[in-house]
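Here the structure is laid out as structure tokens; the discussion comes afterwards.
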Amino acid sequence: MLFGRDKKNPIKIADKKAEKWTYATCGYCSVGCSIEIGTNAEGKVVGSRGVGGADVNRGKLCVKGIFEHELFESSGRGDKPLIRESIHQGYRETNWDDAAKTMVSEINRIQETYGRDSFAVVSTGQLLTEEFYTLGKLTRGVIGTNNYDGNTTLCMASAVSGYKRSFGSDGPPGCYEDFEHTECLMAWGSNLPEQHPIIYWRLQESREKRDFPLIVVDPRVTMLAQKADIHLAITPGTDVVLQNALMYVILDEGLEDREYIEANTVGLEQLEAEVQKYDPTSAAAICGIDEDTIRNVARIYAKAGSAMSIWTMGINQSTHGSDGVVGINNLNLITGNVGKEGGTSLSITGQCNAMGTREWSSCSGLPGYRYLENEQDRKDIGEFWNVDPEFFPKKRGLAQTDIFPAIETGQIKGLWLIATNPMTSMPNTERTRKILEKLDFLVVQDSYADVETTQYANLYLPAATWAEKEGVFTNTERRVNIVRKVTDAPGDSKSDFDIFNLLAKYFSGSEKMTFPDKPEGAFEEMKALSKGRLADISGMNHDLIEKQRGIQWPYTEEQSNKGELPPSGGKRLYTEPGTFSHADGMAKLIPLPFIDNNEVPDDKFPFWLNTGRLVEHFHTRTKTGKLGNTNKYSPIPFMEINPDAAKDLGVDQGEYVRCVSRRGDAIVMAMLTQRVPKNMVFIPFHYFDCVNRLTLGLLDPHSRQPAYKQSAVTIEILEDQQAAAQLSMEMRRF
Ligand SMILES: Nc1nc2c(c(=O)[nH]1)N[C@H]1C(S)=C(S)[C@@H](COP(=O)(O)OP(=O)(O)OC[C@H]3O[C@@H](n4cnc5c(=O)[nH]c(N)nc54)[C@H](O)[C@@H]3O)O[C@H]1N2
Ligand SMILES: Nc1nc2c(c(=O)[nH]1)N[C@H]1C(S)=C(S)[C@@H](COP(=O)(O)OP(=O)(O)OC[C@H]3O[C@@H](n4cnc5c(=O)[nH]c(N)nc54)[C@H](O)[C@@H]3O)O[C@H]1N2
Ligand code: SF4
Ligand SMILES: [Mo]
């Protein structure tokens, strides 16, 4: 007799007749899976597969990786530079030299008329690291605007800011292997099974081998929360209060690690004084977690031999984003859980190369985690690039979320968007629309000509995308991994690397500098600049990286010369006492007073609006919306709503409703689910003209990251369902 899965027909995968497999690193999320792309005898791309010997994914891929090869045939790609004098005219095709000349002369004109900083550059977490480095050189060393930032402000800015405040430097101190050692894992606002499926699989595998408590803090019953031992359904935006209360219990009951605190930290007294205000009874009233559970969780965490916290956007995208990160660091510092196996503060990053931009793009500073504010750093980079250090600004300029308002007020006149789609991803779409319309000159450099921002551009530059070019990414655990070129980009499109190099030629002032014409050349410069620093990559090269299926930094030239092969690279940071990056080597314990400044539900807008992601889609769907195998799971926008709330409103499963906030409205299909509490709805942000028409996006004071996850909305019934369905379809690009 056959039982269960034995009864089922085995899945048969058709032989795609791949003749050659090319190594790459997945271009979607920051897990950094090693992937191989198959091409057949005619050179056509036919399949993707996970790489067995790679430590990160050990042969596995998630649904996005499995279909990543289909990307190369997706519609809407740009193949020629496009130009127009005004956004009210149609585009005409142009050649690269004319496109570059126009762009450079417009930038020069704007800067000469309105000042150097009146032209802004906003980039991404999705280019190759060599491209980031080259863009940084061009922007800091040649164009000279200080208003240069990336979409990482929407994503990782709070993590960066929190790491810097606590430890003195950015750089996540832990790694995936910590799952294999930890005795307790707390996940804050992170839905691993959908957003980082392969990290989740690594975590789950560790728990199957050796059970340890998983505590999930998330207002929504996510897939991860369903797997948790304890789920803390927190009131949105109040994580800092919970953190303070946990520390209250730990300090009150003497569960802290005094020896570690002495050897590694400063500021305990001030922290203790603030934490005193958050006894579990008072805290419970704010954060919605009952006092017994707070005590229980505090004891489990502090008594574990090693405990770690991971977090993602539930923490970062908040007006207390940076504080939430510092709070996690505080908790780990007082329990002696930084720099040891299974004890760490591990920010789970977002985009495939969110880390590469932090390390090398010069977005908020200078390459290799150097600061504009530091004279020696300016001098070192000036010498290396042959640029007068006085040309560099002495402090960082505006973040993306401040660049946009500066366009609104007329301080900034020109903008260059590289691999980011703010029309869909910034909060308050109508405001973003008006802002982009206001520009004198907008350049959009994107792989897709049909990306929403091209509606407002004067110049469109078609870029090659992932695996149509070569270079490295850094993943969440500081692993540098390589993408090899699999196929040519369509038409005349060029890699971002070649576009930056082409532009450099047309700017006066670049003659005295060198712009290597191959990514390896840029990598060699990065290696030289990294020597002896935190993110030391001087022992690496492209071939060795591929051979090892990725190498974690630091991996130094000395290690490489001694023949020490990775993984003797850097699994963990701050493993020795007093080696934090603040001048005194100590980590800072920072008190975190809580000010409740969120937009909260009221009589008029009675629901919390929570936003986030789905496993099958990536961001603004310029890629996954075009692939049948990913788009089919959720081709139109929907809203999760609790069945009790739906009943009160008279809304049925599958009905279209109008969701309204103080900013605007969106039409979405209602999906009834207990995943959300009665006073909350959740809408994925992947769809254009949808949830970000509603979001407020108040900014974190330290990181300038928007609070995408806390707004208030109301829901209206739509009488004419057919018209609503029609509108919902028409609003979708694909
Ligand atoms: N499939 C897929 N994977 C992706 C991406 C993608 O678009 N699609 N994008 C990548 C990128 S760039 C990023 S940044 C990551 C994001 O990865 P995640 O942060 O895991 O994803 P989100 O769905 O944005 O948000 C996570 C959770 O935060 C919770 N949350 C909301 N408010 C609060 C709060 O106040 N406190 C707490 N503790 N939690 C809260 C939400 O309920 C949600 O479940 O995913 C990466 N991976
Ligand atoms: N409501 C709400 N809004 C959010 C979030 C949320 O949770 N809720 N999350 C925020 C977060 S964490 C993030 S990271 C942002 C993401 O927001 P965006 O960065 O705006 O989203 P993407 O769709 O990833 O945009 C990347 C663009 O780069 C293009 N592209 C891809 N590869 C290449 C390449 O190699 N070269 C070039 N030149 N172009 C390329 C793509 O076609 C696409 O247009 O969204 C933010 N917005
Ligand atoms: S988990 Fe992330 S890196 Fe791995 S295959 Fe999926 S999208 Fe790609
Ligand atoms: Mo992100």
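In listed order, ligands and their atoms are each counted from 1.
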Give the residue and atom name of whichever protein heavy atom lies nearest to [atom], and the separation in Å to one decimal.
atom                    : result
atom 30 (N) of ligand 2 : Ser447 OG, 3.8 Å
atom 1 (N) of ligand 2  : Asn692 OD1, 2.8 Å
atom 44 (O) of ligand 2 : Asp446 OD2, 2.6 Å
atom 19 (O) of ligand 2 : Asn151 ND2, 2.6 Å
atom 37 (C) of ligand 2 : Ala419 CB, 3.5 Å
atom 5 (S) of ligand 3  : Cys62 N, 3.5 Å
atom 23 (O) of ligand 2 : Thr620 OG1, 2.5 Å
atom 17 (O) of ligand 2 : Ser425 CB, 3.1 Å
atom 2 (Fe) of ligand 3 : Cys29 SG, 2.3 Å
atom 41 (C) of ligand 2 : Thr622 OG1, 3.2 Å
atom 1 (S) of ligand 3  : Ile198 CG1, 3.5 Å

Between [Y] and [X], is there a side-chain heavy-atom distance shorter than 4.5 Å?
X      : Y      : result
Glu194 : Arg613 : no
Gln705 : Thr401 : no
Asn191 : Thr312 : no

Review point. For atom 35 (O) of ligand 2, which candidate among Arg621, Gln126, Lys469 holds the nearest heavy atom?
Key: Lys469
Sub-4.0 Å heavy-atom approach of [X] to ligand 2:
X      : answer
Lys623 : yes
Arg613 : yes
Met426 : no

Numbering as shown, the atoms of ligand 3 that approach [X] to under 4.0 Å (heavy-atom distance):
X      : result
Pro197 : 1 (S)
Gly32  : 3 (S)
Tyr28  : 7 (S)

Practice item. Test the Arg202-Tyr176 pair against the cation-pi criterion, namely NZ or CZ under 6.0 angstrom from the six-membered ring centroid and within 45° of the ring axis. Key: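 Not flagged: Arg202 not positioned over aromatic ring of Tyr176.
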Between [X] and ligand 2, is there a nitrogen or oxygen pair with a distance under 3.5 Å?
X      : result
Gln317 : yes
Thr124 : no
Tyr448 : no

Point to revise | Ring centre gap for His686 and Phe618 strictly below 6.0 Å | key: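 No, the ring of His686 stays outside the 6.0 Å limit from the ring of Phe618, centre to centre.
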Tell me yes or no: between the side chains of [X] and [Y], is some donor less than 3.5 Å from an acceptor?
X      : Y      : value
Thr465 : Lys623 : yes
Ser634 : Glu616 : yes
Tyr456 : Arg433 : yes

**Study point:** Cys26 near atom 6 (Fe) of ligand 3 via N/O/S, less than 2.8 Å
**Key:** no
Proximity to ligand 2 by part of [X], non-hydrogen separation under 4.0 Å:
X      : value
Ala464 : backbone
Asn316 : neither
Ala463 : side chain
Asp496 : side chain
Thr424 : neither
Thr465 : both

Check your understanding: Per the side chain to side chain donor-acceptor pair (under 3.5 Å) rule, which among Ser703, Ser347, Ser318 passes with Ser158?
Key ->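 When side chain to side chain donor-acceptor pair (under 3.5 Å) is applied between Ser158 and each of Ser703, Ser347, Ser318, only Ser703 qualifies.
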**Study point:** atom 2 (Fe) of ligand 3 reached by Cys33 (N, O or S, under 2.8 Å)
**Key:**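 It does not: Cys33 brings no N, O or S atom closer than 2.8 Å to atom 2 (Fe) of ligand 3.
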I'd like to check which ligand 2 atoms, numbered from 1 as shown, lie under 4.0 Å from a non-hydrogen atom of [X].
X      : answer
Leu127 : 36 (N)
His619 : 14 (S), 16 (C), 21 (O), 22 (P), 23 (O), 24 (O)
Lys709 : 7 (O)
Cys155 : 12 (S), 14 (S)
Val451 : 44 (O)

[X] with [Y]: basic N within carboxylate O range, under 4.0 Å:
X      : Y      : result
Asp218 : Lys709 : no
Lys434 : Glu437 : no
Asp498 : Lys469 : no
Asp55  : Arg479 : yes
Glu36  : Arg49  : yes
Glu468 : Arg77  : yes

Review point. Are the side chain of Ser123 and the backbone N or O of Gly150 linked by a donor-acceptor pair below 3.5 Å?
Key: no
Exercise for review: Measure up the Phe685 and His619 rings against each other and bin them: parallel (under 30°), tilted (30 to 60°), perpendicular (over 60°).
Suggested key: tilted
Practice item. Could you check whether the rings of Phe119 and Phe441 sit parallel, tilted or perpendicular, using 30° and 60° as the cut-offs? Key: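 Tilted: the ring planes of Phe119 and Phe441 meet at 30° to 60°.
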Point to revise | Any Lys64 heavy atom less than 4.0 Å to ligand 3 | key: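 It does; at least one heavy atom falls under 4.0 Å.
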Review point. Would you say Glu73 has more than 12 foreign heavy atoms packed within less than 6.0 Å of its CD?
Key: no
Exercise for review: Evaluate the side-chain hydrogen bond (donor to acceptor under 3.5 Å, both in side chains) criterion for residues Asn501 and Thr134: first the C-alpha distance (whole Å), next the side-chain angles of each, then the deciding distance (0.1 Å), finally the verdict.
Suggested key: CA-CA 8 Å; Asn501 274 346; Thr134 309; 5.2 Å; no
